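These numbers come from a predicted model, not from an experiment.
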There are 2 protein chains.
Amino acid sequence: MSNAPDVLFRTLADPTRRALFERLCREGEKTVGALTARAGVSQPVVSKHLGILKQAGLVRDRHEGRQTHYSAQLGALAPLIDWTSEMAGFWQNRFNDLEDLLKRMDQ
Amino acid sequence: MSNAPDVLFRTLADPTRRALFERLCREGEKTVGALTARAGVSQPVVSKHLGILKQAGLVRDRHEGRQTHYSAQLGALAPLIDWTSEMAGFWQNRFNDLEDLLKRMDQ
DNA sequence: ACCGTGCATAGCTTGTTGGCTATGCATCGA
DNA sequence: TCGATGCATAGCCAACAAGCTATGCACGGT
């Protein structure tokens, strides 16, 4: 299996794709047609991006007749938050180490 | 000016580049040579990635003789955290709206 | 049963990008 | 001063990815 933050970063790196995800976060569930209307790209492109977002676990789809409704899956952002916290944590640890060193030097 | 989270996502989307940033977060300041030794790619590639990370504000460089020391700039991650919080916020708001609706329906 | 509609898939084209080698430039040591 | 070393830049190539149009497929309405 591929690393989780890697998939998220790759998926959210594309502006069009990220815009779709943002809209789903802001406005809730939308059909492909509704998303296409204001996406600035063709319908097949929207479908493709939604497929990629789905693979990344960032969206969910629900079929209703011949329409497909997509909605954001916010929980999928967790690895991103974890990664950020981890980076911050490393930084903090190094800072603490420095503090300790300075304390020891001070004695 | 380009959108801040966009630059961050694009910059961190590349595994090699993100690995470099992670090492700088974990291990602190490193020279280009030290980074190259375990990067799995050639030195010019490392330099190039460091340049891109620098442009994104994610790293800082310090020249000392003929060596260049790079270090992580953790503050640059702020827009990423903001973006994530914003998305979570939208989701929360929609949830609250739904709660309100249910409450009103309950009356 | 048929046509229209909504979405997905296929196939193609093009721009971007991440890798390489070769080279330039500055600094340090002898 | 001259060779070696450390890093940056240049130039090239291959792979990928994002866009398009055309088409397929399934469902709904009439």
Side-chain angles (χ1 to χ4, degrees), chain A residues 2-24 27-73, chain B residues 1-3 5-24 27-73:
Chain A
S2 168
N3 208 13
D6 186 76
V7 172
L8 290 183
F9 276 118
R10 267 209 323 267
T11 303
L12 294 171
D14 181 73
T16 305
R17 202 150 52 217
R18 200 172 56 254
L20 285 171
F21 179 70
E22 289 182 11
R23 276 195 65 196
L24 290 176
E27 309 171 15
E29 198 181 63
K30 293 276 172 198
T31 68
V32 175
L35 288 170
T36 301
R38 300 196 175 185
V41 291
S42 66
Q43 172 268 314
V45 168
V46 171
S47 280
K48 192 174 178 183
H49 282 308
L50 289 171
I52 295 172
L53 285 167
K54 184 184 172 187
Q55 254 193 301
L58 285 164
V59 300
R60 220 177 104 69
D61 60 344
R62 180 175 67 83
H63 297 280
E64 187 179 321
R66 53 185 168 181
Q67 317 207 72
T68 311
H69 298 259
Y70 281 88
S71 54
Q73 289 285 99
Chain B
M1 60 182 180
S2 169
N3 208 14
D6 186 76
V7 173
L8 290 183
F9 276 119
R10 266 209 324 266
T11 303
L12 294 172
D14 180 72
T16 304
R17 204 151 50 216
R18 199 172 57 253
L20 285 171
F21 179 69
E22 289 183 11
R23 276 196 65 197
L24 290 176
E27 310 172 11
E29 197 181 66
K30 294 273 173 201
T31 67
V32 175
L35 289 170
T36 301
R38 302 197 174 186
V41 291
S42 67
Q43 173 268 313
V45 169
V46 171
S47 279
K48 194 174 176 183
H49 282 307
L50 288 171
I52 294 172
L53 285 167
K54 183 182 171 187
Q55 253 191 299
L58 286 164
V59 300
R60 221 175 103 69
D61 60 345
R62 178 176 68 82
H63 297 279
E64 186 180 321
R66 52 186 167 180
Q67 318 206 70
T68 311
H69 298 258
Y70 281 88
S71 53
Q73 289 287 100

Quiz item: For the side-chain contact (heavy atoms from CB on, under 4.5 Å) test, which of His49(A), Lys48(A), Glu22(A) pairs with Arg17(A)?
Solution: His49(A)

Quiz item: Out of Val46(B), Leu58(B), Leu24(B), which residue meets the side-chain contact (heavy atoms from CB on, under 4.5 Å) rule with Tyr70(B)?
Solution: Leu24(B)

To the nearest Å, give me how far apart [atom1] ([X]) and [atom2] ([N]) are.
X        : N       : atom1 : atom2 : answer
Lys30(B) : dG6(D)  : NZ    : C1'   : 17 Å
Arg18(B) : dT17(C) : CZ    : C1'   : 16 Å
His63(A) : dC7(C)  : NE2   : C1'   : 9 Å
Asp61(B) : dT9(D)  : CG    : C1'   : 15 Å
Leu35(A) : dG6(C)  : CG    : P     : 14 Å
Leu53(B) : dA8(D)  : CG    : C1'   : 16 Å
Leu50(A) : dC7(C)  : CG    : P     : 10 Å

Practice problem: Please assess Glu29(A) against Arg60(A) for the test salt bridge (Lys or Arg N to Asp or Glu O under 4.0 Å), listing each intermediate value before the final yes or no. | Solution: CA-CA 9 Å; Glu29(A) 198 181 63; Arg60(A) 220 177 104 69; over 6 Å; no

Quiz prompt | Working for salt bridge (Lys or Arg N to Asp or Glu O under 4.0 Å), residues Asp6(B) and Arg18(A) | solution = CA-CA 9 Å; Asp6(B) 186 76; Arg18(A) 200 172 56 254; 2.8 Å; yes

Quiz item: Can you check whether Tyr70(A) has a side-chain N or O nearer than 4.0 Å to OP1 or OP2 of dG6(C)?
Solution: no

Practice problem: List for me each residue that meets side chain to side chain contact (heavy atoms under 4.5 Å, CB included) alongside Gln55(A), sequence neighbours excluded, and say none if there are none. | Solution: none

Which pairs, protein N/O on one side and nucleotides 23-29 of chain C N/O on the other, fall under 3.5 Å?
| unit_1 | atom_1 | unit_2 | atom_2 | d |
| --- | --- | --- | --- | --- |
| dT27(C) | O2 | Arg66(B) | NH1 | 3.1 |

Exercise. Determine the contact category for Thr36(A): base if any of its heavy atoms lies under 4.0 Å from a base atom, sugar-phosphate if only primed atoms, P, OP1 or OP2 are that close, otherwise nothing.
Key: nothing

Quiz prompt | Heavy-atom closest contact (Val41(B) atom, Val45(B) atom, distance) | solution = CG2-CG1, 3.6 Å

Could you state the interatomic distance from [atom1] ([X]) to [atom2] ([Y]), rounded to the nearest 0.5 Å?
X        : Y        : atom1 : atom2 : answer
Leu12(A) : Ile52(A) : CG    : CD1   : 11.5 Å
Asp61(B) : Leu50(B) : CG    : CG    : 9.0 Å
Gln43(A) : Leu35(A) : CD    : CG    : 11.0 Å

Please list, for nucleotides 15-19 of chain D, all pairs of protein and nucleotide N/O atoms separated by less than 3.5 Å.
| unit_1 | atom_1 | unit_2 | atom_2 | d |
| --- | --- | --- | --- | --- |
| dA18(D) | OP1 | Arg17(A) | NH2 | 3.4 |
| dA18(D) | OP2 | Arg17(A) | NH1 | 3.2 |
| dA18(D) | O5' | Asp14(A) | OD1 | 3.4 |
| dG19(D) | OP1 | Thr16(A) | OG1 | 2.8 |
| dG19(D) | OP2 | His49(A) | NE2 | 2.3 |

